[in-house]
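All values below come from the heavy atoms of this structure, side chains included, with hydrogens, waters and symmetry mates left out. Order of the sequence lines sets the chain letters (A, B, ...), proteins ahead of strands, with each chain counted from 1.
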Number of protein chains: 2
Amino acid sequence: MHENPRPDRTATPIELIEQLARVAAAYYRHFAAAAAGHGLTLMQGKTLSLLTRPRSMRGLAGLLSCDASNVTGIVDRLEARDLVLREPDPSDRRVKNIALTEHGERTVRLIRADLMSGLTALEELTAEDRGALRSLLDRAFPETTSAAYRALPG
Amino acid sequence: MHENPRPDRTATPIELIEQLARVAAAYYRHFAAAAAGHGLTLMQGKTLSLLTRPRSMRGLAGLLSCDASNVTGIVDRLEARDLVLREPDPSDRRVKNIALTEHGERTVRLIRADLMSGLTALEELTAEDRGALRSLLDRAFPETTSAAYRALPG
DNA sequence: TATTGTTATACTCTATAACTATA
DNA sequence: TATAGTTATAGAGTATAACAATA
């Protein structure tokens, strides 16, 4: 028995960041494919997925990490396909609240189902492993908890 | 003591996928900021980071998950800034191998350092936690191991 | 015949700056 | 004065189709 057995796998911060890069790329590859299956781009699919409740244009810009001026075009294209609609905000007439239409709701469910069916390995994890993975991701990216996202204004 | 205490955190496959979406978005937000600090776009920074060894145009297209025709423009812009260069392949004159210049090597190191300094929570994990996270990510995305990436042709 | 890289094209995404209508 | 949404603009990323050079 050796004192310092060589581990099969390294896990330096650099190695972990490189794997996160590959996982993030793989996630978006799967997501973009699911969105494309419904004739939508990555950003359009992302926008639909973020509309779990109505959001203002600027709220969407924050969630999409892009300038508010971009959201106009993205929402224009989604609205032209009857996937979302702009509702005037009753308490501030400057604000428009973007909400999913029924067609949008249906589409986002289909995209999510396609995405999940593409991520079979993830679904095959045990509940315990999923909990451990989630907990570790929360600690590695503390700004990305679901509570933090839900609480965002707009 | 209850038989079925309500857990603080759920970890259904759907919840986990939603958190992965947030983590992937956060990763790219950090990466894009690090690349922008050196006047580079996300795709330009990604391309530099993938050039751990010379890659053909089509090899890069595969790693970037985009059509080969896009790589021409991306590499054009990097080459114009002396970050990469095109080398003819000695064994197949159709192929061009893209390699980092010295300036490219330096830039990619700086981007990586900036990225790491933006992901402080990740670096603060214990070695054990990093190993566990890496192992779980490997199992959740088995196509993204570093060995699989290194072995890709081109 | 098939493959590599490129070009042409049209569309989408992107930040910046300026504008309008509200607040 | 400040903010929300939009428009105009220029640049970058994107897929598709077609092309020349090479295999």
**Q.** Pair A:Tyr27 + B:Phe141: ring centers closer than 6.0 Å
**A.**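 Not close enough - the centres of the two rings lie 6.0 Å or further apart.
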**Q.** For B:Thr107, the option from B:Leu100, B:Leu40, B:Leu78 that meets side-chain contact (heavy atoms from CB on, under 4.5 Å)
**A.** B:Leu40
Minimum-distance nucleotide (side-chain atoms of [X] versus [options]):
X: A:Val95; options: C:dT14, D:dA4, D:dA15; answer: D:dA4
X: B:Met57; options: D:dT14, C:dT6, D:dA12; answer: C:dT6
X: B:Asn70; options: C:dT6, D:dT14, D:dG5; answer: D:dT14

Without decimals, in angstroms, what is the distance between [X] [atom1] and [N] [atom2]?
X: A:Leu64; N: C:dA15; atom1: CG; atom2: P; answer: 10 Å
X: A:Asp92; N: C:dA23; atom1: CG; atom2: C1'; answer: 6 Å
X: A:Leu42; N: D:dT14; atom1: CG; atom2: P; answer: 10 Å
X: A:Lys46; N: D:dT14; atom1: NZ; atom2: P; answer: 13 Å
X: A:Lys96; N: C:dA21; atom1: NZ; atom2: P; answer: 12 Å
X: B:Tyr28; N: C:dT14; atom1: OH; atom2: C1'; answer: 17 Å

Q. On DNA chain D, nearest-nucleotide positions of A:Asp76 versus B:Arg93: which is more 5'?
A. A:Asp76
(Q) Is it the case that the base of C:dT3 and the side chain of B:Arg94 share a donor-acceptor contact (distance under 3.5 Å, atom types as modelled)? (A)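 Donor-acceptor pair under 3.5 Å: yes.
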Q) Could a donor-acceptor pair under 3.5 angstrom be found where the side chain of A:Ser69 meets the base of C:dT16? A) yes
Q: Look at B:Arg139 together with A:Asp129 and state whether they make a salt bridge at an N to O cut-off of under 4.0 Å.
A: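 A salt bridge is present here (some side-chain N lies under 4.0 Å from a carboxylate O).
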Q. Salt bridge check: are B:Arg86 and B:Asp76 linked by an N-O gap of less than 4.0 Å?
A.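 Result for this pair is yes, salt bridge flagged.
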Q) Of A:Ile74 and B:Arg86, whose closest DNA chain C nucleotide lies nearer the 5' terminus? A) B:Arg86
Q) Nearest nucleotide by nearest heavy atom, which residue falls closer to the 5' end of DNA chain C, A:Ser65 or A:Ser91? A)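 With A:Ser91 and A:Ser65 compared, the 5'-side residue is A:Ser65.
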**Q.** Interatomic distance, A:Leu110 atom CG to A:Arg106 atom CZ [nearest 0.5 angstrom]
**A.** 8.0 Å
Q.
Is there a side-chain contact between A:Arg77 and the phosphate of C:dC13, meaning an N or O under 4.0 Å from OP1 or OP2?
A. yes
